[in-house]
Amino acid sequence: MSGWINKKRDHGNLLFLDLRDNYGLTQCVIENKDPNFKEIEKLPLEAVVKFNGKVLERSKDTINKDLNTGEIEISIISYEVLGATKELPLPIFSDQEYAEEIRLKYRFLDLRRKKIHQNIILRSKVISFIRSEMERLGFLEFQTPILTSSSPEGARDFLVPSRLNPGKFYALPQAPQQFKQLIMVSGFDKYFQIAPCFRDEDARADRSPGEFYQLDVEMSFVEQQDVFEVIEKLMTSVFKKFSNKKLLYEKFPKITFSEAMLKYGTDKPDLRNPLSISEFTEIFKRDDVSFEIFKNLVKKGAIVRGIITKNTKDKPRSFFDGIDKWAKEQGASGLAYFTIEKDSEIKGKGPVGKFFSSESIREIMKISKAEVGDSIFLACGKTNEVEKILSQARDKIGDELKLINYNSYAFCWIVDYPMFEEDEKTKKIIFSHNPFSMPQGDIKKLDFSKPLEIKAYQYDIVCNGVELSSGAIRNHIPELMYKLFSIAGYDKKLVDEKFSGMINALSYGAPPHGGIAPGIDRIIMLLAGEKNIREVTMFPMNQNAQDLMMGAPSEIDEKLLKELNLSVKKNK
RNA sequence: GGGGGUGUAGCUCAGUUGGUUAGAGCGAUCGCCUGUCACGCGAUAGGUCGAGGGUUCGAGUCCCUUCACUCCCGCCA
């Protein structure tokens with residue numbers, strides 16, 4: 001048996017060694033009467049060795065139930081060192097947390113550790129299963145180019161200089177978006193790919209810098225619902241196979257974008273959380289409400305929304321103040337709160353309760369289905385500010401009140417995204433999501449004079465508050481595409497120039513088509529129960545997009561630069 | 001680009017109000033130990049307290065600057 005020395009237990013005249021390989025641990029044993037004893041005793045942890053020996057059944061009282069191989073052990077007869085080791089920069093056998101820097105620099109050692117080793121194995125199995133499921137559903141896997149052209153919309157591109165075309169650059173694909181549409185125009189009707197995607201944007205815990213993988217899917221002659229059915233089938237089978245956690249919905253609920261923003265304050269709601277947001281702005285226009293701070297803000301155009309918590313009348317003051325304090329730490333102006341009580345009359349108890357008449361509280365209860373004994377947290381401000389803080393408050397309060405079943409998965413679809421939105425700074429009309437999406441409604445009757453009212457066949461799939469993917473039914477009609485691009489400030493010439501391949505292809509008989517591209521890394525994160533994408537990525541870069549193990553990015557030899565017709569301008 | 005957190009031995013961490021020689025566990029090295037499975041026991045080595053500057057009789061501890069890692073905002077069609 002060959003493997004790494006995981007742990008030694010040296011009794012002086014009797015030595016146990018746990019030998020580790022990809023599959024687990026096996027205890028090996030040797031006694032001091034063996035001539036090899038002294039040498040084996042000195043072997044360092046993590047040396048790679050081959051032991052020849054006898055497999056022995058362990059006596060009943062020495063069986064280790066925690067090991068798969070705990071009923072046997074190997075009595076060592078001879079050995080060979082296959083790979084020596086220096087002193088280790090981090091221990092392998094412990095479950096302790098280590099600094100990322102050292103883990104990433106010695107990733108090959110880190111990957112020997114049990115948890116991350118299992119995560120990577122899980123990743124392999126999930127991807128393999130997805131492939132076979134997609135094939136079973138009739139999809140074909142194709143590869144698309146890695147060296148392609150830069151696209152004007154979307155994220156920052158990674159660029160690759162062209163030696164043969166001095167001064168020109170390839171871009172790495174942000175996603176195979178245009179290619180998968182071209183595949184549909186080419187007459188293939190069900191495509192998928194485990195596709196590498198490259199975006200030069202800043203990292204987050206759930207976002208690798210630079211590169212990540214999508215399950216890229218596209219289908220022709222389909223409507224939105226056809227895409228949903230394929231993905232629902234796939235996700236339920238993947239999540240059932242690789243997790244024991246409960247799926248709250250097998251038919252994923254559909255929530256419109258505007259409803260999601262109102263009820264949850266975000267377009268990626270965690271539906272494991274039963275709390276929802278209600279709209280109360282009108283309450284603050286009543287004469288029998290005297291909460292002047294909010295009333296004055298409402299007069300200036302602010303809105304008021306709030307979250308009802310059920311039966312929280314007995315919660316200590318510290319709970320409510322804690323939430324208010326937390327909200328201020330998040331940069332909001334805080335959350336006003338009171339609890340609905342009743343003696344002879346309905347009234348509000350708490351710092352701002354006295355500002356509300358019985359009648360106004362009755363109205364609040366009607367709007368939000370609140371009852372006596374419930375409490376209400378209120379936020380006031382601009383729409384996007386209120387949405388943001390209440391969205392966070394929903395997670396925070398749900399967690400504190402233990403309302404969230406963390407042992408479950410709640411999928412949903414967010415649908416009916418607007419085609420356009422107004423840029424906050426420039427006040428220009430821009431594509432709110434994907435410029436290639438098909439607008440909803442009768443295309444001949446679309447009112448292009450009110451672009452902000454146009455909805456798109458554009459959708460997101462969300463699980464446990466994690467955005468897994470967005471997708472769309474595509475716009476396959478060139479004239480309509482020119483029209484939509486012109487609203488976003490691209491004239492025909494520019495569209496022809498920037499999207500020549502696409503627009504040209506759509507002019508030669510393009511089928512209606514659509515698709516989606518769920519993030520593989522995030523699916524694995526959800527399945528592995530990890531909060532950080534590096535825990536499910538074999539060789540990740542750090543937050544500054546550096547590979548500490550390989551030393552990337554690095555400076556480049558002058559000769560190579562010259563061949564590429566490039567010179568580097570040094571700062572300072 | 002902005003805000004927060006962290007940085008002390010190879011690794012994980014403790015270090016009180018600024019006060020004597022900066023500690024523990026794991027790991028390493030050496031010794032003892034025949035049924036452990038986080039084996040046990042004893043000893044030794046190992047420190048620019050991230051770096052630079054300042055305050056002070058005295059700084060791991062206080063102040064300033066800076067670097068690294070990380071979390072968040074911006075950004076991510």
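For clarity, every value in this text was computed on a predicted model and none was experimentally measured.
Comparing B:G3 with B:G74, their P atoms sit 15 Å apart, to the nearest whole Å.
A straight line from CG of A:D10 to C1' of B:G27 spans 15 Å, rounded to a whole angstrom. Atoms NZ (A:K8) and P (B:G40) sit 14 Å apart, rounded to a whole Å. For the pair A:E530 CD and B:U70 P, the computed distance is 16 Å after rounding to whole Å. As rounded to whole Å, 12 Å separates atom P of B:C11 from atom CD of A:Q96.
Look at B:C69: its Watson-Crick or wobble partner, with both distances under 3.5 angstrom, is B:G5. Under the Watson-Crick and G-U wobble criteria, each requiring two contacts below 3.5 Å, nucleotide B:U17 is left unpaired. Under the Watson-Crick or G-U wobble criterion, with both distances below 3.5 Å, B:A24 is paired with B:U12. Across the strands present, B:G40 finds its partner in B:C32; the criterion is a Watson-Crick or G-U wobble pair with both atom distances under 3.5 angstrom.
Residue A:E73 is classed as a base contact, given a heavy-atom separation below 4.0 Å to a base. Counting non-hydrogen atoms under 4.0 angstrom, A:E100 reaches the backbone sugars and phosphates but no base. Contact annotation for A:D66: no contact, since no heavy-atom pair falls under 4.0 Å across all strands. Residue contacts shown for A:N32 include a base, since a base heavy atom lies under 4.0 Å away. Among the atoms of the strands shown, none is found under 4.0 Å from any heavy atom of A:L25. Here A:Q177 lies in heavy-atom contact (under 4.0 Å) with a base. Counting non-hydrogen atoms under 4.0 angstrom, A:F431 reaches the backbone sugars and phosphates but no base.
Between A:K7 and the phosphate of B:C39, there is a side-chain N or O to OP1/OP2 separation shorter than 4.0 Å. Using a 4.0 Å cut-off, no side-chain N or O of A:R534 falls inside it from OP1 or OP2 of B:C69. The side chain of A:Q546 places an N or O atom within less than 4.0 Å of a non-bridging phosphate oxygen (OP1 or OP2) of B:C69. Between A:N64 and the phosphate of B:U36, there is no side-chain N or O to OP1/OP2 separation shorter than 4.0 Å. For the pair A:R9 and B:C39, the criterion of a side-chain N or O lying under 4.0 Å from OP1 or OP2 is met. Regarding contacts with the backbone of B:C71, a side-chain N or O of A:N532 is found under 4.0 angstrom from either OP1 or OP2.
Residues A:D399 and A:Y406 have side chains that bring a donor and an acceptor to within less than 3.5 angstrom of each other. With no hydrogens or angles considered, no side-chain donor-acceptor pair links A:T85 and A:E46 at under 3.5 Å. Side chains of A:E530 and A:N119: a donor-acceptor N/O pair is present below 3.5 angstrom, by distance only. A donor atom on one side chain and an acceptor atom on the other are not found under 3.5 Å apart for A:N434 and A:Y417.
Side-chain atoms of A:L45 lie closest to B:G27 of the nucleotides B:G27, B:G74, B:C72. Side-chain proximity of A:Q27 to B:C37, B:G74, B:C76: nearest is B:C37. Here the nucleotide nearest the side chain of A:R199, chosen from B:C76, B:C11, B:C30, is B:C76.
Under the 4.0 Å criterion applied to side-chain N and carboxylate O atoms, A:R207 and A:D521 are not assigned as salt-bridge partners.
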